[in-house]
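Here the structure comes first, spelled out in structure tokens, and everything after it is commentary.
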Amino acid sequence: MTIQQILTKYWGFTAFRALQEEIINSVLAGNDTLALMPTGGGKSVCYQLPGLAKDGICIVISPLIALMKDQVWRLKQKGINAIAIHSGMHFSEIDIVLDNCIYGNVKFLYMSPERLSTDIARERIKKMKVNLLAVDEAHCISQWGYDFRPSYLKIAEIKELLPNVPLLALTATATSEVIDDIQKKLLFKKENVLKKSFERKNLAYRVLFEEDKLNRILLITKKLEGTGIIYVRSRMRAKQISDFLLKNKISADYYHAGIAPQLRDEKQNNWFKGKTRIIVCTNAFGMGIDKNNVRFVIHFDVPDCLEAYFQEAGRAGRDDKNAYAVLLYNDSDILDLRRNFTESFPEIEQIKTTYQAIANYYQLAVNAGKGVSFNFDMNDFCHTYNLKPLNVYNCLKFIEKEGYLVVTDSINMPSRIHITTDKESLYRFQVENPKSDNFIKLLLRSYSGIFSDFVKINETELAKRTNSTNEIIIESIKKLENIGVLKYLPITNLPQIIFTESRIDAKDLTISKENLEFRRREAEKRLNSMIHYVSSSNKCRSQYLLSYFNEDNSYRCGICDVCEKRNKLELGQIEFDNVVEQIKPDLKSKSLSIQEIVAKVKGIKEDKTIKVIQWLLDNGKVYYDEENKLKWKLK
């Protein structure tokens with residue numbers, strides 16, 4: 001089949017979106033490729049389609065478990081065999097999955113980067129017929145980026161195992177330094193960047209200074225129609241705002257990582273299907289949510305950086321119809337951002353203390369634990385060692401960035417079982433142990449594939465069928481596990497901590513002061529860019545964001561809050577720019593009165609020139625000096 005036929009068969013589209021075909025053809029020609037596409041630009045098609053077009057298996061590296069699970073589900077819905085390996089899985093599960101990728105008909109293997117670098121993965125990958133290595137969220141490989149993850153640096157080692165396999169790196173957020181760094185760290189044979197403009201012509205960015213944010217949200221949600229997302233920083237605030245909207249007869253719900261997995265799925269599905277109009281959430285919500293008719297995204301709190309804001313705001317208007325990205329702020333938000341920045345860089349001794357506490361918590365001996373994952377209950381850990389959650393979170397981030405361990409997002413993993421003995425041995429066991437016979441028969445009737453793989457089970461459903469309780473079911477399963485009949489993995493919804501290196505003594509923990517200072521400087525630059533974006537009122541919002549991502553030749557969007565003020569001047573962009581170009585050089589070098597400025601401007605009517613001067617005054621570009629003359633404000 002041609003790539004167009006594959007697109008139609010599996011996605012139902014008759015034509016590619018902008019840049020998709022070029023990226024796919026580059027990969028199919030065997031070229032290492034870096035694809036830069038905005039959120040919602042159709043990145044997954046760029047690696048899934050060539051993965052289908054070629055014989056063999058496509059390996060996809062992603063740091064987001066929720067996104068991996070969502071992509072696997074979507075591929076299976078299309079009849080495509082896909083599977084994921086991530087930190088929530090037992091070694092035995094991983095072993096079976098990797099074998100299926102070698103000897104079975106798996107087309108897509110999704111892996112978290114920390115699992116990719118294990119010895120078992122490397123050995124099995126050598127035996128796979130890999131047709132493409134795709135790296136999602138590729139900015140994570142760069143220390144210049146806002147979300148650096150050391151485990152991404154190991155991808156280059158896998159690439160060396162697959163010298164003739166093309167690599168496709170994808171990201172929606174990358175500055176020029178990050179773009180260069182990605183290609184260097186992933187050992188591109190030659191530079192090859194295919195970039196779709198990050199411009200979203202249908203998305204109106206608005207920044208509003210607002211003391212009474214709740215009332216402003218109420219006004220916005222009543223004025224705008226359709227589905228929306230409201231992003232907040234804290235779990236408590238998510239519920240408070242959701243309750244406030246419900247009280248005012250607006251359909252809403254809240255979502256964060258602390259909610260039980262089944263309830264999270266229910267809330268997400270209700271919003272996705274339109275049963276809930278507005279979801280109020282932390283940044284735990286959104287990854288992998290491909291809902292194209294979101295009409296507005298509101299940020300109740302200011303994000304830490306423009307990369308995060310751009311990605312979250314970009315979830316509005318993916319259907320190319322008019323949509324709004326509204327950011328609310330006030331003076332206290334700026335103070336909070338700076339305070340959070342200061343707190344996010346703990347002392348080195350504090351980092352070492354946290355590492356030692358983690359090792360003690362899991363009773364992990366020195367030189368042990370490499371590649372082992374543990375469920376991590378933050379509340380229990382902090383209570384046990386009398387530590388503050390925010391301090392622990394920030395310390396773990398630095399331990400992670402030094403490559404000692406990885407902390408994953410929360411994982412919704414249902415209970416699973418796998419019968420580890422063969423059918424003949426199991427039959428003999430049933431004959432010799434009649435008390436267990438009925439229960440084993442129940443498992444065999446209820447779940448297929450139980451001999452060859454781990455299968456999901458529901459203890460509550462099994463309890464109903466046997467007219468017993470969950471506790472009795474779990475006890476029966478554990479008895480069978482203890483005598484070696486099966487392996488049981490109970491349900492979990494906790495994050496995972498994975499020791500990527502063997503545990504060392506805390507005093508030997510190396511936290512580079514140079515790295516710490518480098519990351520502090522880069523984070524401060526990103527913070528200042530975010531604050532400047534919020535407080536700026538004289539540059540088109542779209543132009544500002546695009547310029548941050550090195551698109552310097554964009555035009556005014558005409559629909560953001562800044563452009564709307566400019567539009568009221570009843571001046572075209574060419575006329576406005578003409579006036580500025582004529583007066584700016586003089587005003588930079590000397591002060592002029594309004595009359596002198598008007599006299600200098602040629603080809604533009606006097607009243608229009610005065611409107612431009614007034615706009616420049618209102619937006620802080622020019623100012624009156626001691627002589628009551630105007631001068632250009634230098635940065």
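Position 1 is the first residue of the sequence; numbering continues from there.
For the pair L214/Q240, no side-chain contact is recorded, criterion being any heavy-atom separation below 4.5 Å from C-beta on. A 4.5 Å side-chain heavy-atom check between V135 and Y152 finds at least one atom pair inside the cut-off. L153 is listed as a side-chain neighbour of I141, based on a closest heavy-atom distance under 4.5 Å. Side-chain atoms of K370 and E501, non-hydrogen and from C-beta on, do get closer than 4.5 Å to each other. Side-chain contact between K539 and V562: absent, with no pair of heavy atoms (C-beta onward) separated by less than 4.5 Å. No side-chain heavy atom of E114 sits less than 4.5 Å from a side-chain heavy atom of R149. With contacts defined as side-chain heavy-atom distances shorter than 4.5 Å, the pair E551/S197 qualifies. Side-chain contact between W144 and F518 is present, with heavy atoms from C-beta onward closer than 4.5 Å.
Judged by distance alone, the side chain of T408 and the main-chain N or O of Q496 form a donor-acceptor pair under 3.5 Å. Between the side chain of T118 and the backbone N or O of R115 there is at least one donor-acceptor pair closer than 3.5 Å. In terms of modelled atom types and a separation under 3.5 Å, the side chain of T353 and the main chain of E349 share a donor-acceptor contact. Although no hydrogens or angles enter the test, the distance criterion places a donor-acceptor pair under 3.5 Å between the side chain of S344 and the main chain of F341. R541 places a side-chain N or O within 3.5 Å of a backbone atom of Y533 that can act as its donor or acceptor partner. The backbone N or O of R235 sits nowhere less than 3.5 Å from a side-chain atom of T282 that would complete a donor-acceptor pair. Checking side-chain atoms of S547 against main-chain N and O of Q543 turns up no donor-acceptor pair under 3.5 Å. A side-chain donor-acceptor contact under 3.5 Å links W271 to the backbone of G228. With hydrogens and angles ignored, the 3.5 Å screen pairs no side-chain donor or acceptor of N248 with any backbone N or O of L218. Checking side-chain atoms of R277 against main-chain N and O of I250 turns up no donor-acceptor pair under 3.5 Å.
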- [ ] Take Q356 and N360 through the test side-chain contact (heavy atoms from CB on, under 4.5 Å) and record every step on the way to the result.
- [x] CA-CA 6 Å; Q356 183 64 51; N360 293 343; 3.1 Å; yes
TODO: Kindly indicate, with the supporting measurements, whether the criterion ring pair (Phe, Tyr, Trp, His ring centres under 6.0 Å) is fulfilled by F285 and Y231.
DONE: CA-CA 9 Å; F285 183 84; Y231 279 107; 7.3 Å; no
Open item on the list: Working note: F310 + F549, criterion side-chain contact (heavy atoms from CB on, under 4.5 Å); need CA distance, chi angles, decisive distance, verdict.
Closed with: CA-CA 10 Å; F310 190 71; F549 293 110; 3.8 Å; yes
Open item on the list: Checking V207 against Y329 for the side-chain contact (heavy atoms from CB on, under 4.5 Å) test, could you report, in this order, the C-alpha distance in whole Å, the side-chain angles of both residues, the deciding distance, and whether it holds?
Closed with: CA-CA 8 Å; V207 178; Y329 85 103; 3.7 Å; yes
- [ ] Start with the C-alpha gap between K249 and K222, add the side-chain angles, then the distance that decides, and say whether side-chain contact (heavy atoms from CB on, under 4.5 Å) holds.
- [x] CA-CA 10 Å; K249 297 181 173 52; K222 285 182 176 179; over 6 Å; no
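The shortest heavy-atom contact between S251 and K275 is OG-O, 3.7 Å. Nearest heavy-atom pair across V294 and A323 is O-CB, 3.9 Å. Closest approach of I278 to L245, counting heavy atoms only: CG2-CD1, 4.2 Å. Taking each heavy atom of A172 and P38 in turn, the nearest pair found is CB-C, 4.0 Å. Scanning all heavy atoms of the two residues, the minimum distance from E343 to L390 falls at OE1-CD2, 3.1 Å. Contact detail for A174 and I179: the closest heavy-atom pair is CB-CG1, 3.9 Å.
We find the CG-CG distance between D380 and N375 to be 11.5 Å, quoted to the nearest 0.5 Å. We find the CG-NZ distance between L328 and K213 to be 6.0 Å, quoted to the nearest 0.5 Å. Note that the CD1 atom of I399 and the OH atom of Y355 stand 8.0 Å from one another [nearest 0.5 Å]. Note that the CG atom of N270 and the CG atom of D253 stand 7.5 Å from one another [nearest 0.5 Å]. Taking OH of Y404 as the start and CD1 of I504 as the end, the distance is 4.5 Å to the nearest 0.5 Å. Annotation: the span from L219 atom CG to K223 atom NZ amounts to 9.0 Å, rounded to 0.5 Å.
In this pair, Y385 and Y361 present their aromatic rings perpendicular. The plane angle is above 60°, beyond the 30 to 60° band. The aromatic rings of Y205 and Y309 sit tilted, their planes meeting at an angle between 30° and 60°.
Within a 6.0 Å sphere centred on CG of N553, heavy atoms belonging to other residues, nucleotides or ligands number 12 at most. E347 CD: 12 or fewer foreign heavy atoms inside a 6.0 Å radius. In the displayed structure, D552 atom CG is contacted under 6.0 Å by more than 12 heavy atoms of other residues, nucleotides or ligands.
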Side-chain atoms of residues 295-307: list all donor-acceptor pairs with protein atoms under 3.5 Å, sequence neighbours left out, distances to 0.1 Å.
unit_1	atom_1	unit_2	atom_2	d
R295	NE	N322	O	3.0
R295	NH1	N293	O	3.4
R295	NH1	D319	OD2	3.0
R295	NH2	D319	OD1	2.9
R295	NH2	K321	O	3.2
R295	NH2	N322	O	3.2
H299	NE2	E312	OE1	2.8
D301	OD1	R237	NH1	2.5
D301	OD2	R233	N	2.9
D301	OD2	R237	NH1	3.1
D304	OD1	R233	NH2	2.5
E307	OE1	Y548	OH	3.2
E307	OE2	Y548	OH	3.0

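The pair D561-K565 does not meet the salt-bridge criterion, since no charged nitrogen lies less than 4.0 angstrom from a carboxylate oxygen. One finds no salt bridge joining E524 and R521 here, because no Lys/Arg side-chain nitrogen approaches an Asp/Glu carboxylate oxygen to under 4.0 Å. Ion pairing of K184 with D181 is absent here, as no side-chain N (NZ or NE/NH1/NH2) approaches a carboxylate O to less than 4.0 Å. Between R216 and D212 there is no salt bridge, since none of the side-chain N atoms of the basic residue sits less than 4.0 Å from a carboxylate O of the acidic one.
Residue E402 forms a salt bridge (Lys or Arg N to Asp or Glu O under 4.0 Å) with just one option from K513, K352, K397, R519, and that option is R519.
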